[in-house]
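To start, the structure itself, in C-alpha cells.
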There are 2 protein chains.
Amino acid sequence: MARTTGSHAGITGPKIRQTALRLFAQRGYAAVSMRMIAAEVGVQAGALYNYTPDKQSLLVDLMRGHLEALLAAAVPAKGDPLAQLEQFVSFHIRFHADRPDEVFIAYMELRNLEPANFTEIEALRRRYEDRLEKILHDGAAAGVFEVTDSKIVTLAIIAMLTGVNTWFRDGGRLSLDEVVAQYWDMVRKAVGA
Amino acid sequence: MARTTGSHAGITGPKIRQTALRLFAQRGYAAVSMRMIAAEVGVQAGALYNYTPDKQSLLVDLMRGHLEALLAAAVPAKGDPLAQLEQFVSFHIRFHADRPDEVFIAYMELRNLEPANFTEIEALRRRYEDRLEKILHDGAAAGVFEVTDSKIVTLAIIAMLTGVNTWFRDGGRLSLDEVVAQYWDMVRKAVGA
DNA sequence: CAAATTAATGAACATCCGTTCAAAAGCAAA
DNA sequence: TTTGCTTTTGAACGGATGTTCATTAATTTG
C-alpha cells in the first residue's frame with residue numbers, strides 16, 4: 001500500500017495539529033509518541049513528517065499559534081483605565097475558557113522547549129502581560145487604582161484569571177457570564193477602584 | 001562489582017527521593033528516566049528498585065509527602081476571620097516559596113497519576129482548599145467579608161497566591177515579606193474587608 | 001488517456017525505556 | 001574470623017522511541 005484513497009494534505013494537516021494539541025494537553029508532550037498521534041489521525045507515523053520537520057516543531061507551532069491569536073484578539077482597549085481593566089478581565093477569561101487545551105500546553109510544556117524556542121514563546125507571553133501592566137500603570141498614574149507595584153499586581157491578576165481554567169466547565173454551576181462578573185468584582189476591589 | 005564501599009540505605013534512599021524530585025520538577029515526570037535518576041545518584045538503575053517498587057510510586061510518594069506536610073503545617077488559625085485569612089495568605093506564600101519543586105510537581109504531574117493515585121492526591125489538595133473556604137464562609141456569615149460565592153473566591157485566591165512561585169526568586173527585587181504584604185493587601189481588598 | 005505530482009506505506013535504523021534477577025562484594029554481629 | 005545480612009552491579013528482557021526513505025498508489029494536470 002501507499003497513498004490511500006481520499007487522502008489530502010488539507011485534511012490530514014489540520015487533523016494532525018488538532019490531535020497533537022489534544023494529546024499533548026491530556027497526557028503531556030513527553031508522554032505522547034508520534035505513533036500515538038499518527039494512530040489517532042489514522043495514518044502511519046512516517047506520514048507525520050510530511051507536515052512537521054520533527055516533534056518539537058509540532059509543539060512550538062501550537063504554542064506560537066495560540067499566543068499570536070491571543071495577542072491579535074487582545075486589542076488594547078479604549079476608554080478610561082477602569083473600563084480597560086474590565087474589558088481585559090472579561091476578554092482573558094472568555095478567550096482562555098474557549099481554548100483550554102492551548103492554554104494548558106502554553107503554560108505547562110514550556111520546560112519541554114529547546115532554549116531558542118523557549119525564548120521566543122516567553123517573549124510572546126511577556127508582550128501579553130505588558131498589555132495588562134500598562135493598564136494598571138496608567139490607572140495608578142491617573143489616581144484611579146491603588147497600585148504601587150504594577151508588575152506584581154499584573155502577575156497576581158493573570159494567575160487568578162487563568163486559574164479559572166482549572167475548574168470551569170461548560171454547563172456547570174456557573175455560566176461564563178457569572179464567572180466573569182465575580183472575577184471582575186474581585187479584581188476591581190483588589191486594585192482599589 | 002557488586003555492593004560498593006560506603007553504600008547505605010540511609011544515604012541512598014533520601015538521595016534518590018531528592019534527585020527524583022528535582023528532575024521531575026525540571027524536566028517533567030515522563031521525560032525523566034530511571035537511568036537519569038540513577039546516574040545523578042551515582043548508582044545503576046537496578047539499585048533504585050531497592051527503594052521504590054516502580055517509577056509511579058516515586059512520584060506519588062513525593063506528592064503525598066508534600067501535601068501531608070502542607071496539611072500538617074497549615075494548622076487552622078485562631079482569632080477572627082480577618083486574622084485567620086491574613087495568616088493563611090502569609091502561610092501559603094511562605095510555605096510554597098520554600099518548596100518550589102514540590103509545588104510544581106504537585107500541580108503539574110497530576111495527569112501522570114494512575115486513577116487511584118489521582119483520587120488520593122486530589123482528596124488531599126481538596127482538604128487544604130477547604131481550610132480557606134471555611135475561613136471565607138465564616139467571615140461572610142459574620143459580615144466581615146463581602147463574599148457571596150466562597151468556592152469561587154477560594155479558588156481565585158489560591159491560584160493568585162500559588163502564582164507567586166512562577167516568578168519569585170530569593171534575592172530578587174522583592175523580599176518575601178514585601179511579597180506577603182502586597183498579596184495580603186490585594187486579598188484583603190478583594191474580599192471587601 | 002498519459003504524465004506529473006502528491007500523499008501515504010511499512011520496514012528499517014540505532015537508541016532508549018521500565019523492570020527483573022543471579023551474582024558479587026561490603027558491612028555488622030557473633 | 002566466620003556467618004549472615006545488606007546493598008549494588010551488570011546483563012538481560014521485550015518493547016517503545018523519533019526519524020528516514022525507497023516504494024507505491026491515488027489524484028491532478030495537460
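In this text the structure is predicted, and so the values were computed from the model without any measurement. Convention: sequence-line order gives letters A, B, ...; per-chain numbering from 1.
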Identify the pairs formed between an N or O of the protein and an N or O of nucleotides 26-30 of chain D at a distance under 3.5 Å, and give each distance.
from	atom 1	to	atom 2	distance (Å)
D:dA26	N3	A:Arg3	NH1	3.4
D:dT27	OP1	A:Gly6	N	2.8

B:Phe24 versus B:Ile37: any side-chain heavy-atom pair under 4.5 Å?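 They are in side-chain contact.
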Student check: side-chain heavy atoms of B:Leu174 and A:Lys151 closer than 4.5 Å: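 No - every pair of side-chain heavy atoms lies 4.5 Å or more apart.
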Does C:dC16 have OP1 or OP2 under 4.0 Å away from a side-chain N or O of B:Ser33? no
Side chain of [X] only, please: which of [options] is the nearest?
X: A:Thr12; options: C:dA7, C:dA8, D:dT8; answer: C:dA8
X: B:Ala45; options: D:dT7, C:dG18, C:dT19; answer: C:dT19
X: B:Tyr51; options: D:dG18, D:dT8, C:dA7; answer: D:dT8

Which heavy atom in [X] sits nearest to a heavy atom in [Y], and how many Å separate them?
X: A:Arg131; Y: A:Leu71; answer: NH1-O, 3.4 Å
X: B:Tyr51; Y: B:Ala9; answer: OH-CA, 3.4 Å
X: A:Asp54; Y: A:Thr52; answer: O-OG1, 2.8 Å
X: A:Asn112; Y: B:Ala31; answer: OD1-CB, 4.4 Å

From CA spacing to verdict: side chain to side chain contact (heavy atoms under 4.5 Å, CB included), B:Ile158, B:Leu155: CA-CA 5 Å; B:Ile158 286 185; B:Leu155 295 171; 5.9 Å; no
Using a 4.0 Å cut-off on heavy atoms, which residues in residues 34-43 of chain A reach DNA chain C? List them by number, or say none.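 Residues of residues 34-43 of chain A under 4.0 Å from DNA chain C: A:Arg35, A:Val43.
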Quick one: label B:Ala47 by what it contacts on the DNA or RNA (base, sugar-phosphate, nothing), any heavy atom closer than 4.0 Å. base
For A:Lys134, I'd like to know if atom NZ has over 12 heavy atoms of other residues, nucleotides or ligands within 6.0 Å.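 No, because the 6.0 Å sphere around NZ of A:Lys134 holds 12 heavy atoms or fewer from other groups.
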What's the separation between atom OG1 in B:Thr154 and atom CG in B:Asp149, rounded to the nearest 0.5 Å?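 One gets 8.5 Å once the value is rounded to the nearest 0.5 Å.
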What is the separation between atom [atom1] on [X] and atom [atom2] on [N], rounded to the nearest whole Å?
X: A:Asn50; N: D:dT19; atom1: CG; atom2: P; value: 14 Å
X: B:Leu48; N: D:dT8; atom1: CG; atom2: C1'; value: 11 Å
X: B:Leu59; N: C:dG18; atom1: CG; atom2: C1'; value: 15 Å
X: B:Tyr49; N: D:dA11; atom1: OH; atom2: P; value: 18 Å
X: B:Asp54; N: C:dT19; atom1: CG; atom2: P; value: 5 Å
X: A:Ile11; N: C:dA8; atom1: CD1; atom2: C1'; value: 14 Å

When you measure from the centre of the six-membered ring of A:Tyr29, is the NZ or CZ of A:Arg111 under 6.0 Å away and within 45° of the axis? no
Between the two ends of the helix from C:dC1-D:dG30 to C:dG26-D:dC5, what is the bend in degrees, rounded to 10 degrees, where each end axis spans five pairs?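 Overall, the helix from C:dC1-D:dG30 to C:dG26-D:dC5 bends by 10° from one end axis to the other.
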On DNA chain C, compare the nucleotides closest to A:Ala9 and B:Gln56; which residue's is nearer the 5' end?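 Nearest-nucleotide comparison on DNA chain C picks A:Ala9.
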Over 60° means perpendicular and under 30° means parallel, so tell me whether A:His66 and A:His96 are parallel, tilted or perpendicular.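 It falls in the perpendicular class, over 60°.
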Should the pair A:Phe91 and A:Phe95 be assigned to parallel (<30°), tilted (30 to 60°) or perpendicular (>60°) ring geometry?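 If you compare the ring of A:Phe91 with that of A:Phe95, the planes turn out tilted.
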